[in-house]
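Single-structure report; data block below.
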Amino acid sequence: MRIRLHPDFKLAIALIAALALLIGITVFLLKLLPLPAEKPAADIYITIINHEGEQEQVELEGFIIGVVAAEMPASFEPEALAAQAIAARTYVLAHCPPWGAAKHGDAAVCCDPAHCQAYADQAALKSRWGDNYDKYYARVKAAVLDTQGKVLCWQGQLIETPYCSACGGRTENAEYCWGRAYPYLVSVSCPYCRAAPRFSAFRSFPLSEAAMLLDVPEEQIAHMRAENYTAGYRVGQLRVGEHIYPGTEIRSLLGLNSAAFNWLIIGDEIYFSTLGYGHGVGLCQYGANGMAQAGFSYADILAHYYVGTKIKTITALD
Ligand SMILES: [Zn+2]
Ligand SMILES: [Zn+2]
């Protein structure tokens, strides 16, 4: 039996066939074309405040090389340098639209280590490293490019990534330093930073000088006492006469290496002993190097000091 098709139906079939062929050809051609890929992290440009105090557009990864070189000894282990690179990159992007609010008007960060992060350009590194320049630059560059685009997140958001030279055995809760708690900046034990040159230190003052620096009568210095200690085993509050000082304030008034201090008065002198160097919150840099020497990876190091955070790779399209 022959089926006779209405001419309109034949036309419809021909149209559908032509359309299918067209779609097939289009799909085939699209496969031949390169995909409109995500921009690699190397193409992220950020605005910073340079050493001259001017706004400057810089390529992210190149800038991070200069930050890591300025913030951590280049002789440190590759995994420690990689951990520092991720911490530094996270700090910059957390203050860079669209990932976070800029810290300096239109600019993400500045190059002042006391405010944002230190940064050294190639000329500064050449004069600092001398004959070791090529070797050290290659180490830092590898740490940055091996972790290109990697940042630390807490519940999907970029985190604050403070770091210090050596925590002295235990890191500190953020709230004791800055009055604000962060769930990932909590005290952890650190048995890895004992090799730090300033792991422990002594400093002495004549009692009269200590009294002047603390702005109290000299006789009260003999009766000062710690009211409490922090989660990071630092002096929380110190009573001197009627004054109550946060341990962090005593540290800055007396120029001590850390707020993990004790003291002894002998004659007219007061001797302070300190553990660690810096505020102690977040990554312990010498601890990171110690962990790397013990065989831990940068992911292990970051997970230890920034509790509960996750590494994510960011792209220009994020
Ligand atoms: Zn700044
Ligand atoms: Zn430490």
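In each ligand, atom 1 is the first atom listed, and ligand 1 is the first ligand listed. Residue numbers start at 1 and run along the sequence shown.
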If you round to the nearest 0.5 Å, how far is SG of C111 from CD of E56?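 It is 8.0 Å, given to the nearest 0.5 Å.
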Angle subtended at the Zn ion (ligand 2) by C190 SG and C193 SG, rounded to 10 degrees: 110°
From the Zn ion (ligand 1) out to just under 2.8 Å, does an N/O/S atom of H104 turn up?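 Given the 2.8 Å cut-off, H104 counts as a ligand of the Zn ion (ligand 1).
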Vertex the Zn ion (ligand 1), arms to C110 SG and C116 SG, rounded to 10°: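 That angle is 110°.
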Which atom of H115 approaches the Zn ion (ligand 1) most closely (N/O/S):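 Per the distance ranking, H115 contributes ND1 as its closest N/O/S atom to the Zn ion (ligand 1).
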Aromatic contact, H95 with H104 (centres under 6.0 Å): no
Does the separation of the ring centres of Y286 and F76 fall below 6.0 angstrom? yes
Kindly assign one of parallel, tilted or perpendicular to the pair F63 and Y119, based on the angle between their ring planes and the thresholds 30° and 60°.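 Taking Y119 first and then F63, their aromatic rings lie parallel (interplane angle under 30°).
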